[in-house]
Each structure stands twice: as structure tokens, then as C-alpha cells.
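If you scroll down you'll find the structure; I have some questions about it.
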Amino acid sequence: MTELISLPKKRKGESTNWWEEDEQDDFSIQKWKSLEHHGVIFPPDYIPHNIPLFYDDEAISLTSEQEEVATWWSSVIGTEWETKEIFRKNFEQNFLKLFGSDHQIKSLDKCDFKKIAEYVEVQREVKKARPPEEKKQERESKQKLDEEIGYGIVDGKREKISNIIVEPPGLFRGRGQHPKAGYIKTRLRPEDITINVGKSNLVPKCPVPGHAWKNVVHNNYVTWLAYYKDPVLSFSNVKYVYLAASSKFKGLNDKLKYEKARKLKGLIDGIRHDYFDKIKKDNQVNKQLGTALYLIDKLALRVGNEKTEDEADTVGCCSLKVSNISFKENCQITLDFLGKDSMRYFNTVPVDPNVHENLRKFVEGKGPDEELFDLITTSSLNEYLKTFMKSLSAKVFRTYNASVTLQMLLGKFNHKNMQVEEKVQFYTDANREVAILCNHQKSTPKNFEVQMEKMQDKLKDKFESLNLLETHLKGFLSKKIAQNADKKFPTSEENTRKAIVRAKTSIKNMEIKLKMKDDNKTVALGTSKINYMDPRITVAWCKNNEVPIEKVFPKALRSKFIWAMYTEPSWEF
DNA sequence: TGAGGTACTTAGGATTCCAATG
DNA sequence: CATTGGAATCCTAAGTACCTCA
């Protein structure tokens, strides 16, 4: 077997890699012994441009704070945010508050941001048009800064930090119908930040002169380096600063996640047996538990925690409403609801007859806004799962089903002689099936249609030149001089044959590309690759089939999954 | 048992990068 | 050499899960 992945050399008797160590178990209790880092840094202060806002054709000069917020709005103009009702309404309220009730500015509709918007546009152009050396220098100084403070030291090992710059101020872009979309996200100061470092390690210096961190703690039961209250959702949300995906903290948890899913694989037959039991003959609560778990297992639904009034109204399995389900003939149901990120789940599937009957009963006598599963909660469902395995919870089913599906699909591969590109396409097809199972979507790229047409045209051209080549070849065969004997056509029969082969592969590749593009129009492949499919399945498959790993895992994924790179070709999920 | 808090994973869109193309 | 479009990465919102406390 060729070694297709370049790996750090292992030294005899010395193991510096966490995934080769034995002490992974106590990670669940104590995460580290020493932790050292440079804290967080803050986005640059706002620099005013002193361009006025016009109100009833009158120039209004703004304070720096008002101007900054007005400038945010200016860059929203022309995007769909500008006309999004909640966003606009919330912004107006927030914005007017900055002026006070006796100020003449009383309505967003009458505000004219044109001059500021022009300025924003010009600045954008200026930034884009910077000379390349300047851009390069900027990039380099950014890298240097990152090199200096973008790393922490955990138990003596240098680790990348994922987010050292705290979130800049701006307008809150909540997704879907988020009740707080358009709120002002205020600027964070050192006084908002709690720092976590080792007791005997240096406390990071506050980067803003004359200011100080809110607090410094030494909590080694957690993996975060710092946290702050979210400026918009401060009542509930906390933002953490963590190490990057390549770190031991993240990698080890990731590995444990997949190991848990593999354990579920060993139990799944018993679990399915048990929930079918519950579906059939138990009391109402158990009927709901069994039926909900059936949907989670079969359709890879999220568990669906309750949400508060201050969030977009989305659902998962346990929070499904009567209006989200409809019943079709042949034991089919249609689920239609907005899930995480307000992405629509819309699917018609046949279900087990008992499930179908249960669901019909759950709906009986309820209004459209009432809960389908009114007798259970996500906690009670997870409690039920704990009876099978102490660390089992609903989300493990998504991981398990995604990984099992990938393993099964890749297991069908038996085309070792394929071109690498075709092998990659096979992999992508499997990836897509998983993504569809998990309902990972993306919006159709802008001017997708135009680009498809362009590619179609190109393909047509390629067919035409293939035709010409074949005619040219016939010329040789009938011993006539080909009429295209000039310029761009090959001068020998052999070369013509070669050119034909080249043209054919080129057409084939183009067709593959075209099909992939269309198939992937609305399917997001990345999410399942990053979060759901055990990377060892992919690594083993690549090794077995001589596909270089970088064809399927870009750099960031190779370092995230460094622990999986040593997987043996014979490994199975 | 339910609400709120905490810590972590998962998610799509925006932005940036980079290589192919004219 | 500039443009452009797809891939890769960045950003931060939005989930899950579990704990504590009344």
C-alpha cells in the first residue's frame, strides 16, 4: 500500500500525540493542569467620517456613536436586510433611542443615508483597489500578530486558539423570524471579559491601556479561555473563546463523540426492538417516547428543545406541532417545519403502520399550534435513552446514522481502476446522500442558471470539436488527405487518435462536473463532513482506493482530524 | 418539574483566497 | 496581467445537553 498521506514521524518509545496516550478517560473531569494565553483583543475603535445624515432634506450632524450606527445601516441598504420587517423595526427603535425623544429625528423612513452609503461604497472600492504590496503587507502583519497571540499553551503544548478577537459591534443578524434581528450589538470592552488561566500561569495583560478584565478565574473543569455575555442576547447567551478545531480539547471530544456513536451501533438492534415495543403496547407517554425516537432514528431529526419567546420559532422532533404533520395514503406522512437556522424540513416518507396510527391519535382533538408530542420532553426522551447507555442522547443518532450511511455507501465501491476524479465523485455522491439525510441545505448560488448555461455551451463546443476530429480521422482512414489538414489539426493518424481520446475524457469530465454542480445546487456537503461522518471511514476508504486524502479533506479538515489520519485501511465504523 | 445557567457542538452565509481563464 | 468563480476559511448564530436550584 502506498503511503498517500504525509504524517509526522513517530519516534520510538515516545508519544507526543494525545490520541496515542492512555489517559484520555479523565478528560471528562479535569481538562488541563496548566493553561497560559494572551487573552483576547478588541476590534479597532470607530473612526468618524463626519458625513451628515439628512432628515427632511436637512443635514443632521451626528455624534460618533450615532454616526457609527448610521453607517452600519448604510451598508445594509440594498441588501434584503433593509426591507426585512423585524430587522427594520428593531433597528428603528434602537437607532431612535440614540437621539432621545425630544430630538427631531423620529422616523427611519425619513432618514436619508445616501451620503453615508456613498461613502461606505467608496471605502469598499478603495479597500479593494489597494495595491497588492499593501494587501500582502497587511496579511503578513496579521499573520505575525496571530503568531504572537493566536496560541495558548496547554500542559506545555502550544495550541491554536480559534477566536482571539472579540465580536465587533454591529447590527444583530438573527436568522429566520428572529425577534431581535436588527438590534444594536454594542462594543465590548475589557470590563466585559472573564479570563480563564492556570493558577500558576501568568495572567494575560489587558490590551487596552487604563482598562482591566472583568474577572480572572482558574477553572480547569472547562476548556474555554475567556467568555463574555452576548451584547444582544445577554439575558441568556454567553460567548466563549475556545481552542481551534486542531487542538487536543476539540479533537479528543470529537473522537469520543464518534466512539459513542460506534457504541450505539452495537446497541441499535436492541434499542429499535425496545422502541417498537413502546410504540405498540405501552401507555400514552411511552407511545410518544417510542414514536418520537422512531422519527429521530429514521429521519435523523434533531431532538427539538423548547425555545423562548426571544428566539425564532423553529422546531425539532419533540417540539413538532400538529400543523407540521399531515397524513397521506399508504402509511405516508409529510413533515413540514422550520428547523435549526429556520431551514425548511419538507419530506414525505412511508412509516411503520403502528407509528402512522399513533401519530394520527396524537393529533386528534388538538389545534394546529399544539404540540404533537405533548406528554414528553427532550429531557424525558434523553432519560429514556440513558437506560440503554449512560452517555446516550438524541444527537448521537444523527452522528450514528450519518456515519453508518457513509460506511455503507463507500462499502459499495469496487472500481479501483477509475480515475481519481471519478473516485472523488463517488465519494461526493455518498457525502451528498448523508447531507440530504441530515437536511443540510444552502441557498442556490446567485446566477446559478447563467453559469449552468455557460457550462452547457462549453460542453456543446467540446462535442463539436470531437466531431471534427473524428471526421479528420476518417480522412486518414480513407487515405484521403483530410480537409482540415491545416493549422490546429494533428498531422498524423496516431496523433488524431490521441486527440480524440483526450477530447472524450475532457467531455466526460465536463459532464461529471456539470452533473455534480446541479446535484449540489441546494445541498451543503461540508456540514456532514465536518460534524457527522466519522473521518476514519473516509481515511480508510482513501487508503484502500489510492485516493489522496487532500482530494476529500482540505487542509483545515486534515488538521481537525489529525487523530484519524493513522487509521488502518481495514478499519470500519 | 420547570426555569435558568453553563458549556459545548453544529450551522449557513459572508468573506477571502487562489487558480484557471481570457 | 486582470477577471472571475469555486473552494476554503472565517464568523457568529443557533442548536443540544446537562446541571442546579427552588
Side-chain angles (χ1 to χ4, degrees), chain A residues 31 79-81 124 127-129 132 135 138-139 142 162-163 165-168 170 172-176 178 180-181 185 194 196 219 221-224 227 229-233 235-245 249-250 253-254 256-257 302-308 310-312 314-319 338-343 377-383 385-386 391-399 402 435 438-443 445-448 450-451 454-455 458 513 516-517 520 522-532 550 553-560:
Chain A
K31 314 287 183 183
T79 70
E80 50 197 65
W81 294 100
R124 221 176 256 157
K127 199 183 165 209
K128 225 165 72 183
K135 286 186 192 168
E138 231 166 79
R139 214 178 314 143
K142 222 182 193 173
S162 74
N163 50 332
I165 306 175
V166 302
E167 292 175 15
F172 178 65
R173 285 152 141 86
R175 307 194 186 132
H178 197 296
K180 298 238 161 160
K185 260 180 85 163
T194 298
N196 191 22
N219 182 355
Y221 295 102
V222 296
T223 64
W224 51 263
Y227 83 82
K229 287 268 183 80
D230 185 292
V232 170
L233 308 153
F235 56 92
S236 62
N237 265 25
V238 166
K239 294 288 175 71
Y240 295 91
V241 175
Y242 290 112
L243 294 180
F249 284 172
K250 294 292 182 191
N253 275 343
D254 220 26
L256 293 172
K257 172 182 81 184
R302 295 186 189 82
V303 71
N305 283 321
E306 291 301 326
K307 303 188 77 184
T308 65
D310 283 308
E311 298 168 280
T314 63
V315 300
C317 184
C318 292
S319 48
L338 294 185
K340 182 175 180 178
D341 292 301
S342 294
M343 302 309 287
T377 64
T378 56
S379 307
S380 68
L381 189 111
N382 279 332
E383 236 168 75
L385 294 176
K386 298 277 175 290
S391 59
L392 188 60
S393 67
K395 81 194 266 283
V396 184
F397 282 78
R398 264 167 87 79
T399 313
C438 295
N439 199 40
H440 293 142
Q441 295 183 284
K442 66 168 191 235
S443 48
K446 284 191 180 102
N447 56 41
F448 176 84
V450 179
Q451 275 158 37
K454 261 193 206 165
M455 284 178 77
K458 261 190 197 168
K513 221 170 149 188
M516 266 221 239
K517 194 180 164 79
N520 293 343
T522 59
V523 183
L525 299 182
T527 309
S528 50
K529 221 188 238 186
I530 296 166
N531 300 299
Y532 286 104
E550 56 270 20
F553 281 171
K555 191 161 150 258
L557 278 192
R558 295 196 299 276
S559 69
K560 174 183 163 101

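Model, not experiment: these values are computed from the prediction. Throughout, protein chains are lettered first and strands after them, A, B, ... in sequence-line order, and every chain is numbered starting at 1.
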Classify the nucleic acid contact of Thr223(A) as base, sugar-phosphate or nothing, counting any heavy atom under 4.0 Å across all strands shown.
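Sugar-phosphate, no base atom in range.
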Does NZ or CZ of Lys31(A) lie under 6.0 Å from the centre of the six-membered ring of Phe249(A), at an angle within 45° of the ring axis?
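No - Lys31(A) does not lie over the ring of Phe249(A) by the 6.0 Å and 45° rule.
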Categorize Asn253(A) for me: base, sugar-phosphate, or nothing, with a 4.0 angstrom heavy-atom threshold over every strand shown.
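Sugar-phosphate, no base atom in range.
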Measure from CD1 on Ile530(A) to P on dC10(C) and round the result to the nearest Å.
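Rounding to the nearest Å, CD1 of Ile530(A) and P of dC10(C) are 11 Å apart.
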Which residue lies toward the 5' end of DNA chain C, Pro554(A) or Gly339(A), if each is placed at its nearest nucleotide?
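Looking at DNA chain C, the more 5' nearest nucleotide goes with Pro554(A).
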So for the helix from dT1(B)-dA22(C) to dG22(B)-dC1(C), with five pairs setting each end axis, what is the inter-axis angle to 10°?
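Axis-to-axis angle, ends of the helix: 0°.
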If you assign each of Ser391(A) and Phe553(A) to its closest nucleotide in DNA chain C, which residue comes earlier from the 5' end?
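It is Phe553(A), whose closest nucleotide lies nearer the 5' terminus.
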Base, sugar-phosphate alone, or nothing: which one does Tyr532(A) contact when heavy atoms must sit under 4.0 Å apart?
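Contact class for Tyr532(A): sugar-phosphate only.
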Can you name the residues that form a ring pair (Phe, Tyr, Trp, His ring centres under 6.0 Å) with Tyr532(A), not counting sequence neighbours?
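Partners of Tyr532(A) by the ring pair (Phe, Tyr, Trp, His ring centres under 6.0 Å) criterion, ordered by chain and then number, come out as His440(A).
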Is there a donor on the side chain of Lys239(A) or the base of dT12(C) sitting less than 3.5 Å from an acceptor on the other?
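Looking at the base of dT12(C), it does not pair with any donor or acceptor on the side chain of Lys239(A) (distance under 3.5 Å).
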Length of the line joining Tyr221(A):OH and dT6(B):P, which is rounded to integer Å
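Interatomic distance, OH of Tyr221(A) to P of dT6(B): 18 Å.
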Categorize Arg302(A) for me: base, sugar-phosphate, or nothing, with a 4.0 angstrom heavy-atom threshold over every strand shown.
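Sugar-phosphate contact only.
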Tell me whether the side-chain N/O atoms of Thr527(A) come closer than 4.0 Å to OP1 or OP2 in dT10(B).
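No, Thr527(A) has no side-chain N/O under 4.0 Å of OP1/OP2 on dT10(B).
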Side-chain N or O of Lys257(A) closer than 4.0 Å to phosphate OP1/OP2 of dT10(B)
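So the side chain of Lys257(A) is within the cut-off, an N or O lying under 4.0 Å from OP1 or OP2 of dT10(B).
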N/O (side chain, Asn531(A)) to phosphate O (OP1/OP2, dT9(B)) under 4.0 Å:
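Answer no for this pair, as no side-chain N or O of Asn531(A) is under 4.0 Å from OP1 or OP2.
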Just to be sure I understand the rule, does Gln441(A) reach a base, reach only the sugar-phosphate, or reach nothing, if contact means heavy atoms closer than 4.0 Å?
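Sugar-phosphate, backbone atoms only, no base.
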So, is Lys386(A) near the phosphate of dA17(C), with a side-chain N or O under 4.0 Å from OP1 or OP2?
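No.
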What is the distance, rounded to the nearest whole Å, between atom NZ of Lys229(A) and atom P of dG4(B)?
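About 14 Å, once rounded to whole Å.
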Below 4.0 angstrom from OP1 or OP2 of dA7(B), is there any side-chain N or O of Lys31(A)?
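Answer no for this pair, as no side-chain N or O of Lys31(A) is under 4.0 Å from OP1 or OP2.
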Measure NZ/Lys395(A) against C1'/dC8(B) and give the value in whole Å, please.
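Interatomic distance, NZ of Lys395(A) to C1' of dC8(B): 9 Å.
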dT16(C) OP1/OP2 closer than 4.0 Å to side-chain N/O of Asn305(A)
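Checking dT16(C) against Asn305(A), a side-chain N or O does come within under 4.0 Å of OP1 or OP2.
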Under 4.0 Å from OP1 or OP2 of dA11(B): is there any side-chain N or O of Arg398(A) that close?
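For dA11(B), OP1 or OP2 has a side-chain N or O of Arg398(A) closer than 4.0 Å.
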Is the distance from OP1 or OP2 of dA17(C) to the nearest side-chain N or O of Ser379(A) less than 4.0 Å?
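For dA17(C), OP1/OP2 do not have a side-chain N/O of Ser379(A) under 4.0 Å.
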Calculate the interatomic distance between Asp341(A) atom CG and dT10(B) atom P; express it in whole Å.
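Answer to the nearest Å: 14 Å.
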Mind checking Asp230(A) for me? I need base, sugar-phosphate or nothing, with any heavy atom below 4.0 Å counting as a touch.
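Touches sugar-phosphate only.
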Which residue, Lys142(A) or Asp254(A), contacts DNA chain B at a nucleotide closer to its 5' end, judged by nearest heavy atom?
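Final value for this comparison: Asp254(A).
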N/O (side chain, Thr314(A)) to phosphate O (OP1/OP2, dA14(C)) under 4.0 Å
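For Thr314(A), the contact criterion (side-chain N or O under 4.0 Å from OP1 or OP2 of dA14(C)) is not met.
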Looking across every strand, which nucleic acid part, if any, lies under 4.0 Å from Gly316(A) by heavy atom: base, sugar-phosphate, or nothing?
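Nothing, no nucleic acid heavy atom in range.
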Can you tell me if the side-chain N/O atoms of His440(A) get under 4.0 Å from OP1 or OP2 in dG12(B)?
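Checking His440(A) against dG12(B): no side-chain N or O falls below 4.0 Å of OP1 or OP2.
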Whole angstrom value for the distance that separates P of dA13(C) from OH of Tyr240(A)
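Interatomic distance, OH of Tyr240(A) to P of dA13(C): 15 Å.
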